[in-house]
Structure formats: structure tokens, C-alpha cells
Amino acid sequence: MKLKALLLISTLAFVGCKSTDVTQLNTMAKPETIAQAKEELGQYDYLNVTDNGVIVYTERVASGYRWKSANIKEISYRIACENLGWYVESGMIVRMQFKGQGGQTRDYDYTRCLTEVPTDLYESKS
């Protein structure tokens, strides 16, 4: 019985951490917008634009270090909703992938950018 409970819990934990494949995300972006994003963002190694209109941003933490959730939340909002905001407003989705210890994956569409509140983690303290 204990073994079954342990297997169930570990299975649920694994499923809960699994994110949707980017090819399964539905965007409202027009083909012209996707083509423009591929052209403009293609020069950056950490950005990839998929054929279905998802901009994937990938960042890795060095071995021996760990991501902080507050930093991930702040960086994700600032990049997806501010730096790449025009693309999001045009119907694209930005997937923020933080790989390594403590990493997370966060997807941003227009609605999330409107409703999520950024922190003041990187604001200057005057």
C-alpha cells in the first residue's frame, strides 16, 4: 500500500511539472507577424521563434548555482511583456524557460501580461 501511494505521488509530481509542448500552444499571430519575429529575433542565440508563433527564450544557470523564483518572475515579465510586448500584443506567446536547479517554464500571452503585476526587484531605490 505504501509503495502504491509513493508511486501515485511521484507520478502526480512529475505530471504537474511537465509543461505543454510549444507546438501545442495556440497563438492568434498572423503569418506575417511570425515571419517578422523570425527575421528580427533570429540573431539572438537565446531566442527561437516557432512556426506556430511562440517565441521561446531560454536561459541556463551555471552549475552549482540555483534560480530564485522571484528573479524568474521578474525577468519573465520584463522580457515577455515589455521587451517583446509588441509581439505579444500581436497575438504571439512568449515561453520563458529557465533551465538548471530551481528552473521554471512560464508562458506569457496578452491576457497574462495585462493581469500579472511585476515586482520592483530591479527598480532603483532612491
Side-chain angles (χ1 to χ4, degrees):
M1 183 65 179
K2 287 182 182 180
L3 181 59
K4 284 183 183 180
L6 182 59
L7 286 173
L8 178 63
I9 290 170
S10 61
T11 301
L12 290 174
F14 177 74
V15 170
C17 294
K18 190 172 176 121
S19 58
T20 305
D21 186 89
V22 291
T23 60
Q24 302 301 312
L25 295 175
N26 295 319
T27 69
M28 302 298 288
K30 296 178 181 175
E32 309 86 60
T33 304
I34 296 168
Q36 181 178 349
K38 284 183 175 192
E39 183 180 328
E40 293 175 355
L41 303 176
Q43 63 183 315
Y44 303 103
D45 293 335
Y46 50 87
L47 289 174
N48 180 43
V49 180
T50 66
D51 292 335
N52 62 322
V54 179
I55 301 171
V56 181
Y57 174 96
T58 305
E59 189 75 42
R60 288 173 176 76
V61 71
S63 179
Y65 291 90
R66 180 176 183 78
W67 287 108
K68 290 183 178 178
S69 293
N71 294 90
I72 289 175
K73 182 177 180 181
E74 179 69 14
I75 293 167
S76 294
Y77 178 86
R78 299 291 179 189
I79 291 174
C81 301
E82 292 179 359
N83 298 38
L84 299 172
W86 182 85
Y87 299 104
V88 174
E89 289 174 11
S90 298
M92 297 184 80
I93 294 174
V94 177
R95 169 162 284 182
M96 301 294 296
Q97 292 182 326
F98 295 88
K99 299 195 173 208
Q101 248 188 329
Q104 299 175 13
T105 297
R106 302 170 69 90
D107 293 334
Y108 286 82
D109 62 3
Y110 184 68
T111 303
R112 184 169 187 180
C113 285
L114 288 178
T115 57
E116 190 162 303
V117 179
T119 68
D120 61 354
L121 192 62
Y122 298 115
E123 299 293 321
S124 63
K125 311 283 191 230
S126 301

Dump the intermediate steps for side chain to side chain contact (heavy atoms under 4.5 Å, CB included) on N48 and T58, then the final yes or no. CA-CA 8 Å; N48 180 43; T58 305; over 6 Å; no
Run the side chain to side chain contact (heavy atoms under 4.5 Å, CB included) check on Y77 and E82 step by step: do they pass? CA-CA 7 Å; Y77 178 86; E82 292 179 359; 3.6 Å; yes
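Linking ILVMFWY residues whenever their side-chain heavy atoms come closer than 4.5 Å, directly or via other members, leaves V22 and Y44 in distinct clusters. In the hydrophobic clustering of ILVMFWY residues, with side-chain heavy atoms under 4.5 Å counting as a link, Y65 and I72 come out together. L47 and Y108 fall within the same hydrophobic cluster, where Ile, Leu, Val, Met, Phe, Trp and Tyr residues are linked whenever their side-chain heavy atoms come under 4.5 Å apart, directly or through other members. In the hydrophobic clustering of ILVMFWY residues, with side-chain heavy atoms under 4.5 Å counting as a link, V61 and I75 come out together. Note on L84 and V49: same hydrophobic cluster, where clusters join Ile, Leu, Val, Met, Phe, Trp and Tyr whose side-chain heavy atoms are under 4.5 Å apart, directly or indirectly.
Side chain of T27 to backbone of N52: a donor-acceptor contact under 3.5 angstrom is found. Side chain of R95 to backbone of V54: no donor-acceptor contact under 3.5 angstrom is found.
The shortest distance between side-chain heavy atoms of R106 and K73 falls below 4.5 Å.
Atom CG of D109 is separated from atom CE of M92 by 13.0 Å, given to the nearest 0.5 angstrom. Between the SG atom of C81 and the OH atom of Y110 there is a distance of 10.5 Å, given to the nearest 0.5 Å. Separating the CD atom in E40 from the CH2 atom in W86 is a distance of 7.0 Å, to the nearest 0.5 Å. Interatomic distance, F98 CZ to Q104 CD, rounded to the nearest 0.5 Å: 8.0 Å. Between E74 atom CD and I79 atom CD1 the span is 10.0 Å, to the nearest 0.5 Å.
Surrounding CD of Q43 are more than 12 heavy atoms belonging to other residues, nucleotides or ligands, all under 6.0 Å away.
D21 and T23 are linked by a side-chain donor-acceptor pair at a separation below 3.5 angstrom, with hydrogens and angles left out of the test.
W67 and G102 get closest at one heavy-atom pair: CB-O, 3.6 Å. Listed here is the closest heavy atom pair of A29 and I34: CB-CG1, 3.9 Å.
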